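What follows is a short report on a single structure.
Remember, predicted model here, so these are calculated numbers, not experimental data.
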Amino acid sequence: MKYTTKKKGVSRRSAIQSVLGVAGVSLMALPRTSYAANPGLASPGLASPGLASPGLASPGLMQDREKVRITRLETFLVKPRWIFLKIHTDAGVVGLGEPLLEGRALTIQTAIKEIEPYLIGKDPRQVVHHWQAIYRHAFYRGGPILTSALSGIDHALWDIKGKLLNVPVYELLGGPTRDRVRIYGRASTPEDMKKRIAEGYKVIKTGVAKENPARIVENPKFIKYAAENFAALREAAGDDMDIGIDFHGAISPQTAKVLIKELEPFQPMFVEEPCQAQNVEVMAEIARGTHLPIATGERIFTKWGFREILEKGAASIIQPDLCHAGGFTEGRIIAGMAEAYYVPVAPHNPMGPISLAVGIQLAASIPNFLVQEQVSLGEGYIKKPFKLEKDGTVLVPTAPGLGIELDEEKMKDKLGHDWKNPETYDPRDQSVVDW
């Protein structure tokens with residue numbers, strides 16, 4: 001058999017040109033970039049149907065997509081303890097984010113100010129590229145300050161991208177996997193529980209009831225008091241209510257093991273942060289000692305932090321905080337990693353309505369969502385607050401981007417705060433304890 005050898009000097013591009021020439025296709029039909037002008041736009045100032053959305057962008061915006069640029073980053077403190085971020089563009093589209101790090105508001109504002117020069121003049125739609133640049137060019141990677149600042153920026157960039165394309169963020173992440181999202185409330189007494197039931201909640205989270213901070217090794221009185229409190233919540237709620245209990249990393253492994261054993265008959269939905277998360281082996285040991293689901297994640301950052309949790313079986317429910325762990329860009333990767341271990345995602349969120357909107361958008365785009373934490377449905381902060389439905393859910397918004405709009409008028413009396421982390425001490429000897 002005779003083979004034809006390739007002629008020298010004939011490039012791949014030349015070969016493509018010759019093929020296109022035979023087909024009667026001009027090379028000019030090949031876009032220089034995926035952000036090339038929309039061929040469907042016939043003349044300046046005319047957008048194709050469905051691309052423009054009132055108040056989002058000028059009619060000519062989508063005609064030359066290479067010209068959208070970031071112009072300014074704006075942060076402001078919002079009561080009770082939050083930070084809201086706005087990323088402005090020359091297209092008139094503004095993205096919202098929540099780059100909170102509790103008790104470090106001024107630090108996060110400074111971090112964002114340091115990142116701002118990189119973003120000014122850049123195309124906001126290259127979200128993953130910007131994430132990589134901000135994270136990797138810092139040299140010292142990760143940690144709560146960098147990833148919290150980066151998370152809020154990531155929220156806002158996805159919000160801008162969704163608004164420019166006139167679709168919710170979950171459409172950019174693969175389309176909806178559900179039309180509503182389960183959320184949970186809080187209760188610490190049977191009376192609280194009855195109020196939450198009347199409001200429509202089907203999932204509740206509580207803490208460990210205690211008269212004094214937990215010591216490293218606790219006595220039967222401490223264990224009994226905590227277990228009986230949870231038993232009273234279970235009795236008030238019945239077997240239909242899902243009740244999680246948060247140890248908040250404030251219980252030692254020695255005491256956590258004993259307390260978990262006493263809670264098992266009442267079947268908590270999960271035991272959150274049974275100990276501090278830095279030593280994954282210790283948490284994995286606790287997980288192996290009980291059939292109750294162990295949950296963690298609020299103090300773990302990026303895919304690299306969650307990799308060890310999943311590999312070592314330290315938790316069977318993960319709770320990435322999308323204001324700390326890396327935003328949407330990392331959140332969807334973390335969820336995918338968790339799916340491979342049959343681990344569901346319950347986003348952590350004791351923050352504001354922007355953070356809630358972010359969690360809902362992610363929940364609407366992943367298959368392994370469990371439940372969403374919240375402390376504010378947005379009343380007094382956003383124009384259309386989320387509403388608790390009778391089935392204990394909120395509906396997934398269909399508006400572009402994050403699906404929310406700040407109510408600037410109602411927020412006027414909520415600007416500024418000086419919230420600090422509690423400084424807690426054991427009254428018995430004034431030693432430092434976790435809060």
side-chain hydrogen bond (donor to acceptor under 3.5 Å, both in side chains) filter on Q278, not counting sequence neighbours, yields none
Q. Is there a side-chain contact between S151 and P99 (heavy atoms, below 4.5 Å)?
A. no
- Message: Are there over 12 heavy-atom neighbours, none belonging to I145, within less than 6.0 Å of that residue's CD1?
- Response: no
Charged N to carboxylate O below 4.0 Å: is that the case for E116 and R72?
no
- prompt: Is any side-chain N of the basic residue among E218 and R215 closer than 4.0 Å to the acidic one's carboxylate O?
  reply: yes
Open item on the list: Can you tell whether the side chains of D246 and K205 come within less than 4.0 Å, N to carboxylate O?
Closed with: yes
F301 vs H324 aromatic rings, parallel, tilted or perpendicular, using cut-offs 30° and 60°? perpendicular
Q) Around R186, counting heavy atoms of other residues, nucleotides and ligands shown, do more than 12 lie under 6.0 Å from its CZ? A) yes
Using a strict 4.0 Å threshold on nitrogen-to-oxygen distance, state whether K384 and E405 make a salt bridge.
-> no
Practice problem: Look at the rings of F84 and F76 and say which category their plane angle falls in: under 30° parallel, 30 to 60° tilted, over 60° perpendicular. | Solution: perpendicular
Given the options K202, R182, R180, D391 meets salt bridge (Lys or Arg N to Asp or Glu O under 4.0 Å) only with R180
- Does atom CG of D418 have more than 12 heavy-atom neighbours from other groups under 6.0 Å away? no
* **SB check R307 E311 (cutoff 4.0 Å)** => yes
Heavy-atom count around N421 CG within 6.0 Å, excluding the residue itself: above 12? yes
inquiry  = For the aromatic rings, using the six-membered ring if either is Trp, is the centroid distance between W82 and H417 under 6.0 Å?
reply    = no
Tested for side chain to side chain contact (heavy atoms under 4.5 Å, CB included) against P124, the lone hit among V93, V68, I87 is V68
- Message: We want to know whether T329 and W158 form a side-chain donor-acceptor pair, criterion being a heavy-atom distance below 3.5 angstrom.
- Response: yes
*Anything under 30° is parallel, anything over 60° is perpendicular, the rest tilted; go ahead and classify F230 against F266.*
tilted
- Message: If you count heavy atoms of other groups shown closer than 6.0 angstrom to CD of Q132, is the number above 12?
- Response: yes
To the nearest 0.5 Å, atom OG1 of T206 lies from atom CE of M269 at 14.5 Å
Here the salt bridge (Lys or Arg N to Asp or Glu O under 4.0 Å) pairs for residues 330-353, sequence neighbours left out, are K303-E330
From the list Q276, Q319, H348, side chain to side chain contact (heavy atoms under 4.5 Å, CB included) partner of R299 resolves to Q276
For the residue pair E373 / Y184, report whether a side-chain donor-acceptor contact shorter than 3.5 Å exists.
yes
For E408, is there an ion pair with K86 - N to carboxylate O distance below 4.0 angstrom? yes
To the nearest 0.5 Å, atom OG1 of T393 lies from atom CZ of R178 at 11.0 Å
To the nearest 0.5 Å, atom CG of L356 lies from atom CD1 of I382 at 7.5 Å
_Within a 6.0 Å radius of atom CD on Q267, are there more than 12 heavy atoms belonging to other residues, nucleotides or ligands?_
no
